[in-house]
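Reviewing the structure listed below.
What you see is a predicted model; the values in this text were computed from it and never measured.
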Amino acid sequence: MRIAVTYENGQIFQHFGRTEQFKLYDVADGKIISEQIVGTMGAGHGALAGFLKNAQADVLICGGIGGGAQMAMQEAGIALYGGNMGSADDAVASFLANTLVQNENPTCDHHHEHGEGHSCGTHSCGGH
């Protein structure tokens with residue numbers, strides 16, 4: 001199994017569509033057997049689903065993620081654990097211990113370069 005985590009400085013990066021790095025964890029028999037940090041080479045929003053599929057990810061752990069990207073993960077057959085914060089390594093440990101919560105609505109409703117009063121949760125983050 002391969003787990004991908006949106007990654008920045010050891011933490012879960014909070015905006016899936018702007019992720020510049022993923023940390024990939026290869027897991028066998030419930031244990032991490034290897035880890036690597038990979039750059040997205042500038043891929044954004046829609047292209048990231050294909051990037052993860054090509055990286056053979058089975059699970060994605062991330063912060064905020066828009067509706068379009070959620071659908072792309074589902075279509076790619078990648079299990080989504082969105083709406084997470086904190087240490088990437090701790091989140092993977094929680095996943096392996098079956099204690100990581102699978103958020104039903106992990107939209108990116110934080111503020112980022114959109115202007116006052118706008119949130120990605122209202123339009124799926126796919127239009128910009």
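- Using a 4.5 Å heavy-atom cutoff, the side chains of Val5 and Val92 are in contact.
- With sequence neighbours excluded, the residues satisfying side chain to side chain contact (heavy atoms under 4.5 Å, CB included) with Ala79 are Val59, Tyr81.
- Side-chain atoms of Tyr25 and Asp89, non-hydrogen and from C-beta on, do get closer than 4.5 Å to each other.
- Looking at residues two or more places apart in sequence or on another chain, you find a ring-ring contact (aromatic ring centres under 6.0 Å, His included) between Phe22 and Phe51.
- Cluster annotation: Phe13 is not connected to Leu24 through the hydrophobic network of ILVMFWY side chains, with a link wherever side-chain heavy atoms come within less than 4.5 Å.
- Here salt bridge (charged side-chain N to carboxylate O under 4.0 Å, His left out) pairs that include residues 49-77, with residues two or more places apart or in two chains, number zero.
- Atom CG of Leu52 sits about 5.0 Å away from atom CD1 of Ile78, to the nearest 0.5 Å.
- Between the CG atom of Asn84 and the OG1 atom of Thr6 there is a distance of 8.5 Å, given to the nearest 0.5 Å.
- Listed by first and then second residue, the salt bridge (charged side-chain N to carboxylate O under 4.0 Å, His left out) pairs involving residues 92-102 amount to none (not counting sequence neighbours).
- Here the straight-line distance linking atom CD1 of Ile33 with atom CE of Met1 works out to 11.5 Å at 0.5 Å rounding.
- Residues meeting the side chain to side chain contact (heavy atoms under 4.5 Å, CB included) test with Ala93, sequence neighbours left out: none.
- A search for ring-ring contact (aromatic ring centres under 6.0 Å, His included) contacts involving Tyr7 returns nothing, not counting sequence neighbours.
- From Gln70, atom CD reaches atom CG of Leu80 across 6.0 Å, with rounding to the nearest 0.5 Å.
- How far CG of Asp90 is from CD of Gln11: 8.5 Å, rounded to the nearest 0.5 Å.
- Atoms CD1 and OG, from Ile12 and Ser87 in turn, are 7.5 Å apart once rounded to the nearest 0.5 Å.
- Among residue pairs with one or both ends in residues 26-35, those qualifying as salt bridge (charged side-chain N to carboxylate O under 4.0 Å, His left out) are Arg2-Asp26, Lys23-Glu35; sequence neighbours excluded.
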